[in-house]
Amino acid sequence: AYANSRGRVDVEGCCWWGRGAMQTRGTCNYGKLNYFLGARASREGRPARYPKIDFCEFPQGVCSSDETYGGELQWMIGLFEWADRIQTYDKDGWNFIEKLKEFCDGGYTDFAFVDAVSGILNIGCHDPPCQGFSNSAVEPHNKRERNDTFQRFLNEFKVARNFPPPPPPTPLPSPAPTYEPTEAEPTTAAPTSIGQPTEIPTSSSRPTSIQGRPPAEAVTNIENALKSSRSRFEKFLLKSEYPTGAWPSYLYTWRGFLQALRKMTTGVGPGEKNWFFIGDGESPNSLQLGLINLASFVAHGVTQAIKYDSCDENNYEMVDFRYPISNACGQNGRSYQDDMCTGGDEGEGYECEVDSSMEMYGVTHARWIGAPPPLYCGDKSTGYWDHFKGLEINDPPFANLAGRADVRGCCWWGRGVMQVRGVCAYGKLNYYLGKRAAESRRPSIYPDIDFCRNPSAICTDPERGPELRWLTGMFYWAHTIQRNRYNDYLTILQQYVDTNVVSGNFKEDTSFMDTLNEILGGSPDDISNRTSTFEIALEVFGLVDPEITAEPENDLNANVDPNKGTASSASKADVNEDVIAADNLNATNIPPSVNVTDGTEIGNINNNTIPENNQVEEADPLGSLEGNVTTPETPVALSAQVFSTNYCGVSWGDASTTCSISCAGGFDSECPPGQKCFGDISCSEIPVGGVATTSIEKISNYCGADWADASCKCSVTCPGGVDIECPPGHSCFDMSGTCPGY
């Protein structure tokens with residue numbers, strides 16, 4: 001056992017950590033929440049904002065209840081604590097309301113007021129150092145950063161015109177910016193080698209069926225092959241660089257990838273000649289063609305977005321060692337709102353109309369020290385981001401390399417795995433996939449999304465974001481790369497596969513990647529990273545002899561929230577909305593500039609074909625994502641996989657036992673009548689082409705009034721996983737990893 005600073009070596013009864021906007025913590029604060037806002041208020045006949053949430057029995061409800069996903073509850077408890085603890089503060093002659101009035105009436109000049117509030121918020125007193133909540137006198141943390149941020153908000157809100165101007169710009173540093181560290185080689189404990197494909201198909205000169213709807217056999221074959229490589233795919237391709245090292249990507253998940261691929265190869269589809277190519281389903285090399293195309297796509301996706309775990313484009317282009325806010329309008333010599341369609345599409349009217357008053361805010365940003373916040377657009381002049389102070393300086397305005405010092409009409413920055421950008425690209429998404437297709441009575445995958453009025457849906461849609469980040473990139477790839485009329489991509493792809501499928505010399509033959517890098521462009525680092533990732537993908541898909549190691553034991557659930565208990569706590573949003581860490585705001589090192597170059601965009605491609613009719617094939621050869629599958633053309637022997645997801649059932653036990661009907665979005669409405677959606681369901685999937693070599697460990701099930709009650713008590717067991725094994729009023733919950741007994 002290892003003790004904390006207070007000597008505790010256990011976590012018994014320790015369910016009261018900070019949650020929400022104010023990091024509300026402690027039994028007193030949660031008790032007040034319950035007394036005034038929660039179930040206790042309802043039971044005792046008082047008005048209750050959340051009558052069904054018992055904050056004493058289920059404090060985790062702040063982060064994982066139905067109200068959480070509307071974005072309300074985290075703010076509500078913060079506002080309640082502010083009103084209860086800060087606004088009512090009155091000690092030793094220091095009254096918050098009176099001091100607030102003095103600050104405002106005094107012309108917003110005495111910022112010692114903010115420091116005093118920091119002390120009240122952090123340690124419970126206005127004149128630190130003081131004992132406050134601790135056993136010894138301490139100072140509040142992040143006092144300087146909180147004061148700077150407060151002044152920044154005063155400027156943004158324009159509370160008055162007579163408060164002091166922002167601090168002067170930081171003097172220009174003399175050293176040149178350092179380059180971003182290269183990606184470390186992946187490692188894993190106790191490696192085992194990847195199984196060698198049992199048979200390699202013979203080469204074929206049969207012409208490839210391009211761009212049309214993939215036949216059912218091709219869809220089935222590609223999914224089988226992908227499922228057999230799932231754990232390696234997650235381990236070696238879905239990883240991102242953070243300041244603390246390489247970690248599994250939060251934004252780009254296996255499930256989102258597979259859901260997007262299904263919609264780009266089956267069902268309504270993306271419009272004629274825009275299907276993602278996965279092979280023709282007939283020729284001997286069909287599967288290899290599809291896998292090589294996917295390997296190329298993912299390799300470019302890693303270079304563009306997965307490596308940085310970003311959905312919104314990073315603000316990376318510097319002017320005089322400053323980051324212009326107007327980089328939202330375009331970087332690398334481009335103006336996104338002026339990106340007209342070319343390559344034969346001139347005059348077709350694909351482009352989105354630019355609205356200078358449209359306001360939009362990104363949700364992700366780079367993670368290097370001092371990196372700018374997310375891009376945004378709106379009707380305003382802008383300055384730059386001071387990465388030393390961690391402040392946005394807008395007075396005076398500061399221009400980007402293109403001379404823009406405003407963000408009017410600049411909502412078209414890159415988003416998703418391919419960083420789709422520009423009014424032409426978003427217009428084509430809307431024309432083929434979105435609301436415009438539906439209004440024109442053409443098939444539409446997302447008839448309710450207007451990509452011209454809401455391009456940020458790619459990153460912010462609470463239910464479809466995980467697949468949208470992949471699918472919009474797949475559309476870009478199908479529409480721009482597969483149909484490239486200057487390099488004839490698919491013909492080169494088939495020549496590459498037919499030449500090397502027998503010898504297995506896919507790595508040694510660089511002709512294909514040389515052509516692809518010529519099409520996609522980018523910096524030398526981009527090209528090197530794309531090429532090395534492509535070679536890793538070849539190994540992941542079993543197309544070459546492996547140099548990487550097989551799947552690790554604990555990575556299958558890397559993207560699964562351990563706090564998920566029922567459908568009410570299942571994730572309905574998969575958007576990373578990180579903010580810059582306060583400890584890094586005064587860092588002195590200069591972040592690297594990231595050169596993101598896509599080469600040809602969606603707009604620069606010839607496409608004069610409109611779907612001929614509104615007939616939609618309903619066949620879905622993939623079936624359930626979790627169902628058993630048949631043997632692929634190149635089977636790889638793997639161990640049994642256990643992964644968590646959401647399933648329907650009359651109870652948690654029923655859902656976990658049957659594992660039959662999935663509810664990926666986490667909503668009860670996805671289930672049959674009489675059933676609900678339950679999360680944290682562990683189901684076994686026997687890999688294709690092999691026999692399970694590991695068994696599923698016994699799950700430790702415990703009874704409780706709710707998930708939190710069961711996790712805290714760990715007393716009454718329900719081995720069968722059904723509610724009828726529990727006392728009246730209690731349900732059965734899976735406490736694997738939380739309670740003993742598994």
Side-chain angles (χ1 to χ4, degrees), residues 183-188 191-205 208 218 221-239 254 257 261 277-279 283-303 306-307 489-490 492-517 520 527-552 555 631-639 687-690:
E183 190 173 40
E185 287 295 322
T187 60
T188 181
T192 56
S193 60
I194 299 176
Q196 177 72 14
T198 58
E199 182 180 354
I200 299 179
T202 57
S203 61
S204 171
S205 58
T208 305
N221 290 341
I222 202 75
E223 190 201 7
N224 290 347
L226 289 173
K227 281 190 173 184
S228 72
S229 62
R230 171 181 175 172
S231 57
R232 299 192 303 278
F233 189 98
E234 291 179 317
K235 172 64 179 177
F236 298 112
L237 297 177
L238 300 186
K239 59 178 181 169
W254 162 265
F257 167 77
L261 187 62
F277 178 67
I278 54 173
S283 62
N285 298 338
S286 172
L287 179 60
Q288 285 69 29
L289 288 166
L291 290 174
I292 294 290
N293 191 41
L294 277 170
S296 309
F297 165 77
V298 174
H300 189 49
V302 168
T303 303
I306 300 174
K307 177 181 179 181
Y489 168 82
L490 286 174
I492 296 171
L493 169 66
Q494 182 156 3
Q495 292 173 350
Y496 172 69
V497 171
D498 286 349
T499 300
N500 298 294
V501 71
V502 174
S503 63
N505 293 329
F506 289 110
K507 281 188 179 181
E508 291 76 9
D509 184 354
T510 64
S511 60
F512 174 71
M513 278 308 296
D514 290 343
T515 301
L516 185 61
N517 284 325
L520 296 172
I527 293 173
S528 175
N529 186 46
R530 187 187 299 131
T531 302
S532 62
T533 305
F534 174 74
E535 293 177 354
I536 292 173
L538 293 177
E539 298 180 35
V540 165
F541 295 148
L543 294 168
V544 298
D545 292 334
E547 294 179 11
I548 59 176
T549 54
E551 62 274 16
D555 280 2
T631 304
E633 292 184 26
T634 57
V636 179
L638 296 174
S639 300
V688 178

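On a predicted model such as this, the values are computed, not experimentally measured, just so you know.
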key: Test log, rule side-chain contact (heavy atoms from CB on, under 4.5 Å), inputs L237 and I306   = CA-CA 8 Å; L237 297 177; I306 300 174; over 6 Å; no
key: Closest approach of F257 to L294 (non-hydrogen atoms, all atoms of both residues)   = CZ-CD2, 4.0 Å
query = Taking C-beta and beyond as the side chain, do I278 and L261 meet within less than 4.5 Å on heavy atoms?
reply = yes
Distance, nearest 0.5 Å, that separates CD of Q288 from OH of Y496 = 12.0 Å
task = Please name the pair of heavy atoms, one in I492 and one in F512, separated by the smallest distance, quoted to 0.1 Å.
result = CG2-CD1, 4.1 Å
query = Taking atom CZ of F233 and atom CG of L226, what is their separation to the nearest 0.5 Å?
reply = 7.0 Å
request  = Flag the pair E539 and R232 as a salt bridge only when some basic side-chain nitrogen lies within less than 4.0 angstrom of an acidic carboxylate oxygen.
outcome  = no
ask   = If you take all heavy atoms of N529 and K307, which pair is closest and at what distance?
value = ND2-CD, 3.9 Å
Worked verdict on F534 versus L516 for side-chain contact (heavy atoms from CB on, under 4.5 Å) = CA-CA 11 Å; F534 174 74; L516 185 61; 5.8 Å; no
ask   = What pair of heavy atoms forms the shortest contact from A295 to A537, and how long is it?
value = CB-CB, 3.6 Å
T533 OG1 to K239 NZ distance, which is reported to the nearest 0.5 Å = 8.0 Å
key: By side-chain hydrogen bond (donor to acceptor under 3.5 Å, both in side chains) - contacts of N505 (at least two apart)   = S503
inquiry  = I'd like to check L538 versus I292 (side-chain heavy atoms, cut-off strictly below 4.5 Å). Are they in contact?
reply    = yes
request  = Kindly determine whether L287 and F541 satisfy side-chain contact (heavy atoms from CB on, under 4.5 Å), including the steps that lead there.
outcome  = CA-CA 11 Å; L287 179 60; F541 295 148; over 6 Å; no
key: Between CD1 on residue I536 and CZ on residue F236, distance to nearest 0.5 Å   = 8.5 Å
inquiry  = Give me the atom names and distance for the closest heavy-atom approach of F506 to V544.
reply    = CB-CG1, 3.8 Å
inquiry  = According to side chain to side chain contact (heavy atoms under 4.5 Å, CB included), who are the partners of T510, at least two apart in sequence or on a separate chain?
reply    = D514
task = Report the distance from atom NZ of K507 to atom CG of N500, rounding to the nearest 0.5 Å.
result = 13.0 Å
ask   = Hey, what do you get for CG (L291) to CD1 (I222), rounding to the nearest 0.5 Å?
value = 4.0 Å
request  = With sequence neighbours left out, write down each residue that passes side chain to side chain contact (heavy atoms under 4.5 Å, CB included) with I527, or none if nothing qualifies.
outcome  = N517, R530, T531
key: Donor on one side chain, acceptor on other, D509 and S511, under 3.5 Å   = yes
